[in-house]
Amino acid sequence: MTTPDKTAVVQVLRDISLLLQMKGENPFRSRAYDTAADRIAGLSEDLGALVREGRLQELPGIGQAIADKVSELLTTGKLAYYDTLRAEFPPGVLELVQVPDLGPKKALVLARQLGVDGVDALEKACREGRVRQLSGFGEKSEAKILAGVELYRRTRTPRRLLGEVMPVAERLLESIKTAPGVIRASVGGSLRRRAETVGDVDLIASAPDANAVFDAFSRAPEVAQVIGRGESKCSVRLREKDLQVDLRVLPDEDFATALHHFTGSKAHHVRLRGLAHERGLKISEWGIHRDDGTKLHVPDEVAFYRLLGMQYIPPELREDTGEIEAALEGRLPEDLVTMEDIQGAVHAHSTWSDGKNSLEEMARAAQALGLKFLTVTEHSQAAIYAGGLKEDDLRRQWDEIDRVNDTVKGVRLLKGIEVDILESGALDYSDGVLEKLEVVIGSIHVRHGMDEEQMTRRLLQAFDNPHLHILGHPTGRLIQNREPYPVRMEAVLDKAAERGVVVEVNGKPERLDLKTEHVRMALQRGVKLVVSCDAHRASDLANLAFAVATARRGWARRGDILNTLPAEQFITTLRKQRAA
DNA sequence: GCCGTTTTCGGCCCGACTGTTTTCAGTCG
């Protein structure tokens with residue numbers, strides 16, 4: 001029997017929450033399981049260790065009962081309570097809940113009264129007109145369910161990569177800003193928090209007449225279909241990527257509170273509302289009100305947090321992972337790294353290995369973005385599939401880098417390498433070559449199948465080479481595509497801290513590696529980071545923004561990120577780190 | 001089910017939208 005992992009535990013807790021709702025249980029009891037699932041999903045520590053040490057109950061929202069259940073699930077691989085609960089309900093009912101607009105109550109009616117045991121049976125029942133005959137359902141719900149089934153099938157992996165959605169959302173936002181009467185507009189939701197994947201796009205705008213904005217929005221060329229439209233909200237589906245976009249339009253005096261409301265996260269809001277309550281205030285998307293009904297003036301989000309007696313919390317931090325306590329005590333970092341702090345981009349490939357643009361094209365692209373340097377880090381010889389360079393190729397490449405540096409002004413290409421960390425933990429070049437390079441990133445590209453002990457030893461071994469400056473994409477994951485290779489991250493970061501190895505926050509949208517939780521783990525140990533673009537073409541330099549966002553979500557400050565330094569200082573700091 | 005410098009009991013975040021209903025329940029965020 002395989003031990004359930006964190007994802008499986010989270011799923012069981014969510015299922016219990018749904019089953020309790022079907023049962024008509026106290027809704028707060030059901031919500032408690034949901035809250036616990038959120039808390040565990042956002043954990044940066046190892047769940048297994050937490051359970052073994054009996055520290056699960058220290059997490060807010062997890063008490064004796066849920067801690068016991070999680071423990072049972074992790075140690076025995078089963079949970080009797082869950083199995084008993086599930087047996088009370090028809091099979092397949094939990095699958096039905098996955099269909100949009102079908103919640104636990106309706107799903108249960110369909111399963112009980114029509115014997116529907118899954119999405120296929122549900123579709124059949126709709127087509128045969130049996131759903132509309134049920135009390136509480138009609139022709140419209142039947143059609144809506146059919147549409148939901150279609151959507152469910154089309155988007156089994158419903159969340160999309162941050163880097164995939166961001167450009168589309170920004171384009172739409174620009175068009176909304178020019179719609180009639182629009183005063184302010186912003187993206188909201190998980191996109192604004194820069195979560196690694198997003199389910200849909202939230203846009204918030206202020207204007208005197210919502211209808212005029214909705215009209216313009218509905219006619220945008222990107223829009224395939226208007227799904228719904230009310231007084232303050234309009235939902236559409238885009239042609240591109242089947243993406244749903246919700247646009248809210250409100251009077252400008254409500255903009256800040258609405259923006260805050262629709263930025264989330266849910267967990268962050270629940271906590272804030274509790275705090276507001278203690279202060280005799282009530283928070284909703286329509287503003288902050290005193291208990292006597294007086295509405296408070298909230299011009300922007302800074303004022304919003306000030307009214308609650310706390311520091312401003314940037315969107316990337318709003319996950320209820322300690323930011324609220326920190327903001328109340330005034331110890332939230334005010335110098336979180338920003339794009340403006342970044343002097344140069346780390347980790348770029350060119351046509352010398354598997355990149356699509358020449359060195360000069362990459363340099364000009366970096367120059368156009370106002371960057372002062374770009375580290376050229378091609379693949380090394382072992383990476384044959386990616387056109388890895390032999391040691392002799394490097395010398396010829398350096399000549400070209402020198403030429404480009406003479407030609408393209410204002411930006412400097414640094415001589416680097418993304419050297420393979422071989423199975424043994426050795427690096428793929430001789431020390432004689434490595435010591436001549438300005439930037440050495442070491443990455444794992446092959447043999448992902450090693451077990452946790454082997455993989456950890458492989459990385460720790462690589463850290464013993466004094467010429468390695470930076471550990472590249474430390475877990476090798478590809479979001480929604482490839483699991484991270486198993487590695488004891490605590491051990492890796494401990495040694496990185498001890499030996500002065502810098503760790504990459506890779507901004508490629510499918511990587512985002514380190515991920516948020518690991519960034520925090522690294523910073524707690526005093527590990528220095530770089531934010532990188534892992535560019536394989538000129539346009540990939542934009543990935544830098546996603547690396548910065550991930551670093552911010554992990555609470556990284558300017559001083560934690562080495563490529564906030566000017567080129568020369570960046571190079572000397574990388575060396576000094578290793579010498580220390 | 002969780003939680004507590006007012007509480008170990010009695011609270012727990014709030015509102016929009018939709019469809020089915022003549023006043024509300026379910027779903028979503």
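Residue numbering restarts at 1 for every chain, and letters A, B, ... go by the order of the sequence lines.
- A gap of 23 Å separates the C1' atoms of B:dG1 and B:dT6, to the nearest Å.
- When the C1' atom is used for both B:dT23 and B:dT18, the distance is 15 Å, rounded to whole Å.
- Residue A:S235 is classed as having no contact, given no heavy-atom separation below 4.0 Å to the nucleic acid.
- Across the protein-nucleic acid pair, A:R229 atom CZ and B:dC17 atom P stand 12 Å apart, rounded to whole Å.
- For the pair A:R248 and A:F262, the cation sits on the ring face: its NZ or CZ lies under 6.0 Å from the ring centre, inside 45° of the axis.
- The side chain of A:A65 approaches B:dG1 more closely than any other nucleotide in the set B:dG1, B:dG29, B:dC17.
- Distance A:L134 CG to B:dG26 P: 14 Å, rounded to the nearest Å.
- The residue A:F137 sits close only to the backbone: its heavy atoms come under 4.0 Å of sugar-phosphate atoms, none of a base.
- Atom name P, nucleotides B:dG15 and B:dG10: the rounded distance is 25 Å, in whole Å.
- Counting heavy-atom neighbours within 6.0 Å of A:R55 CZ, excluding the residue itself, gives a total above 12.
- If you check every strand for non-hydrogen atoms under 4.0 Å, A:L102 touches sugar and phosphate atoms only.
- Ion pairing between a basic and an acidic side chain is recognised when a charged N comes within 4.0 Å of a carboxylate O; A:R331 and A:E325 show no such pairing.
- When rounded to the nearest whole Å, the span between CD1 of A:I227 and P of B:dC28 equals 13 Å.
- Contact annotation: A:K69 reaches the phosphate of B:dG1 (side-chain N/O to OP1 or OP2, under 4.0 Å).
- The P atoms of B:dG19 and B:dC12 are separated by 31 Å, rounded to the nearest whole Å.
- Here the shortest heavy-atom pairing between A:C533 and A:N543 reads O-ND2, 3.0 Å.
- Nearest to the side-chain atoms of A:S284 among the listed nucleotides B:dG26, B:dC14, B:dA16 stands B:dC14.
- Proximity note for A:S141 (side chain, C-beta onward) versus B:dG19, B:dC14, B:dG26: the nearest is B:dG19.
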*Indicate for each nucleotide in nucleotides 3-13 of chain B, in 5' to 3' sequence, whether protein heavy atoms under 4.0 Å reach the base (B), only the sugar-phosphate (S), or nothing (-).*
S--------BB
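- Judged by closest nucleotide on DNA chain B, A:G138 is the one of A:P104 and A:G138 placed further toward the 5' end.
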*Decide yes or no on side chain to side chain contact (heavy atoms under 4.5 Å, CB included) for A:V298 and A:F255, but give the supporting numbers first.*
CA-CA 9 Å; A:V298 187; A:F255 180 78; over 6 Å; no
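- Rounding to whole angstrom units, OH of residue A:Y152 and P of B:dC28 are separated by 14 Å.
- To the nearest angstrom, P of B:dC2 lies 10 Å from CZ of A:R29.
- Comparing B:dC28 with B:dC13, their C1' atoms sit 14 Å apart, to the nearest whole Å.
- With respect to A:D320 and A:R39, a salt bridge is recorded, a charged nitrogen being found less than 4.0 Å from a carboxylate O.
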*asked:* Assess the residue pair A:R171 and A:E240 against the criterion (salt bridge (Lys or Arg N to Asp or Glu O under 4.0 Å)); give the C-alpha distance rounded to whole Å, side-chain angles, the decisive distance to 0.1 Å, and a yes or no.
replied: CA-CA 12 Å; A:R171 237 182 13 247; A:E240 213 172 329; 3.2 Å; yes
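- Nucleic acid contact class of A:E25 (heavy atoms, under 4.0 Å, all strands): none.
- To the nearest angstrom, P of B:dC14 lies 17 Å from CG of A:D254.
- Between B:dT7 and B:dC17, the two C1' atoms lie 37 Å apart (nearest whole Å).
- Closest contact between the side chain of A:I66 and the listed nucleotides B:dG26, B:dC2, B:dG29 involves B:dC2.
- Between the CG atom of A:D38 and the P atom of B:dG29 there is a distance of 14 Å, rounded to whole Å.
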*asked:* Could you walk me through whether A:E222 and A:R239 satisfy the salt bridge (Lys or Arg N to Asp or Glu O under 4.0 Å) test, starting with their C-alpha distance in whole Å, then the side-chain angles of each, then the deciding distance to 0.1 Å, before giving a yes or no?
replied: CA-CA 6 Å; A:E222 290 90 348; A:R239 294 178 203 289; over 6 Å; no
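- A:K233 places its NZ atom 7 Å from the C1' atom of B:dG29, with the value rounded to the nearest Å.
- When Watson-Crick and G-U wobble pairs are counted only if both distances are under 3.5 Å, B:dT8 pairs with no nucleotide at all.
- With a 6.0 Å cutoff to the six-membered ring centre and a 45° limit on the axis angle, A:R86 counts as a cation-pi contact of A:Y82.
- For A:E285, the side-chain atoms get nearest to B:dA16 when compared with the rest of B:dG19, B:dG1, B:dA16.
- In terms of position on DNA chain B, the residue among A:P100 and A:K140 whose nearest nucleotide sits closer to the 5' end is A:K140.
- Of the C1' atoms belonging to B:dT21 and B:dG26, the separation is 12 Å, rounded to the nearest Å.
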